[in-house]
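Heavy atoms only: backbone and side chains are in, while hydrogens, waters and symmetry mates are out. Whatever order the structure lists them in is the order used to number ligands and atoms, beginning at 1.
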Amino acid sequence: MGAVEKKRSTLAATGAWEYAPAPESRDIVSFEERYGLFIGGEEVSPRSRTWFPTISPATEEPLAEVAQAGPKDVALAVDAAREGFEAWSAWKPSERAKVLFRIARILQERARELAVAESLDGGKPIKESRDVDLPLAAAHFFYYAGWADKLEYAFPGRRPRPLGVAAQIVPWNFPLLMLAWKIAPALACGNTVVLKPAETTPLTALLFADVCRQAQVPPGVVNIVTGDGSTGAHLVRAEGIDKVAFTGSTEVGKAIQRELAGRDIALTLELGGKAANIVFDDCALDQAVEGIVNGIYFNQGHVCCAGSRLLVQESIHDQLVRKLKRRMATLRVGDPLDKNTDIGAINSKAQLDRITELVEAGTEEGAEIYQPPCRLPEKGWWFAPTVFTGVAQSHRIAREEIFGPVLSVLTFRTPDEAVEKANNTMYGLSAGVWTEKGSRILWMADRLRAGVVWGNTFNRFDPASPFGGYKESGFGREGGRHGLEAYLRFA
Ligand code: NDP
């Protein structure tokens, strides 16, 4: 080993890679001191007369005050959406498409500003909001703009019609991207929407209200009500909605399903996951290690389809874990606005407590923990990348969604055993298979009870590709032609 290589491997092993700071400027985004609700194309003061601060999880600094929408505010937003629907659904589809194209173009033009806002409010690394969230959000609007005047071709002979007013509730892990997944297909099909962003990440949705004004979205077509979980509950209960689209925890998803029982309201649920990332002994190991890291440490592991259960073929377990630990030591945790950061801040104190509790349970139940040496900032909420080895199927860390940068490693001997272990979960959102053999990927994909199965890659998204779950990961699909169906009725 040459001197340079030796130094490199020592640095990698100790995690002592030094990078000069490369901060993205935050001057590109300016927040109002206080935001109202976006109803009927205007910013309106909440009837509730209540606001709450939204905080940067990396610094605990308050960024702005946001309205807490109460039942009257929600009713007003639904009324505005109903009124908007009369006009919007009668628009020529090609004219609706133009509005969606304009939104997509403006998202591209304002991408830097929105990416900085997303990282400030949510804590995710700027390289992810800049290179993943924003391009994909724009791509969704472009994609569904293309479908707006071709619905008859998407569903030949079925006379597609819009549903009406869609109530949409999104979580805090991909605030703007989930907004795009919800709003783009709904509008393309001629519906209007009332969207509730998560309590901890409302700012990009409020900036999106400004994008709507810029794109000349007609009044009432997009309405945004901020608030906590109670605002979401009011929205689900509101008279005058025709559809609920929810992304979030399985627990709240079940509560929404109960609430809607007996009402003639369409429902799609995209809930939690505990994906198996399955690595066979014939795979390209270094490539698999990159996929494993991307699968679980992307967005601090705040990803419903995260590859949080690593199933490794027994014969390569030790080699793979060694390589994985070496790679983990090079991950940089810290300032989300630094362009070199790999792992940003945990989204909220509540989420950090939930991760900490489950990690403690992992150690107590007897799994072996490894965290590379890394210095965590003093302010804000942080969690070091973590891997557990020696995990049993019965451990809580193998069964429950941790929603943090925590990986559990299990082993298998045969493909049948891999399938059995992968499917041994209440969830069924995604899975990954790493092997040299294409036929084995297809064999596995046939047997895995997961909505998405990635082959020799992980966490790849495309607006043309449907996404959704089996079992307690929910039902309905977002993305692709399937994503249109969730916003249409057929005459
Ligand atoms: P929630 O399911 O509570 O949040 C998702 C969205 O639903 C948010 O906008 C939330 O509002 C809203 N909401 C909360 N309660 C209600 C209700 N009763 N009726 C209607 N809407 C409601 O997730 P948490 O933020 O509490 O996270 C808890 C766990 O859920 C995480 O640890 C993770 O395991 C999982 N999760 C999974 C996600 C996924 O994409 N599959 C996304 C987020 C979380 P508000 O934020 O204002 O409370």
Minimum heavy-atom distance between [X] and [Y], given as atom pair plus value:
{"X": "L407", "Y": "L324", "value": "CD2-CD2, 3.7 Å"}
{"X": "N173", "Y": "H302", "value": "CB-O, 3.0 Å"}
{"X": "L269", "Y": "Q257", "value": "CD1-OE1, 4.1 Å"}

Item to check | D242/R82 ion pair, N-O < 4.0 Å | outcome: yes
Next on the checklist: Can you tell whether the side chains of E128 and K124 come within less than 4.0 Å, N to carboxylate O?
Outcome noted: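 Salt bridge between E128 and K124, a charged N being under 4.0 Å from a carboxylate O: no.
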Next on the checklist: Under the rule for salt bridge (charged side-chain N to carboxylate O under 4.0 Å, His left out), what residues qualify as partners of D462, not counting sequence neighbours?
Outcome noted: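 If we apply the salt bridge (charged side-chain N to carboxylate O under 4.0 Å, His left out) test to D462, skipping adjacent residues, there are no hits.
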Which pairs of N or O atoms, one from ligand 1 and one from the protein, are separated by less than 3.5 Å, and what is the distance for each pair?
unit_1	atom_1	unit_2	atom_2	d
ligand 1	2 (O)	S249	N	2.8
ligand 1	2 (O)	S249	OG	2.6
ligand 1	9 (O)	V170	O	2.9
ligand 1	9 (O)	K196	NZ	3.4
ligand 1	11 (O)	K196	NZ	3.1
ligand 1	19 (N)	A233	N	3.4
ligand 1	25 (O)	W172	NE1	2.6
ligand 1	27 (O)	R354	NH1	3.3
ligand 1	32 (O)	Q351	OE1	3.0
ligand 1	32 (O)	Q351	NE2	3.2
ligand 1	32 (O)	R354	NH1	3.0
ligand 1	34 (O)	E401	OE1	2.8
ligand 1	41 (N)	G248	O	3.3
ligand 1	41 (N)	L271	O	2.8
ligand 1	46 (O)	E199	N	3.1
ligand 1	47 (O)	K196	NZ	3.0
ligand 1	47 (O)	E199	N	2.9
ligand 1	47 (O)	G227	O	3.2
ligand 1	47 (O)	G229	N	3.3
ligand 1	48 (O)	G229	N	3.3

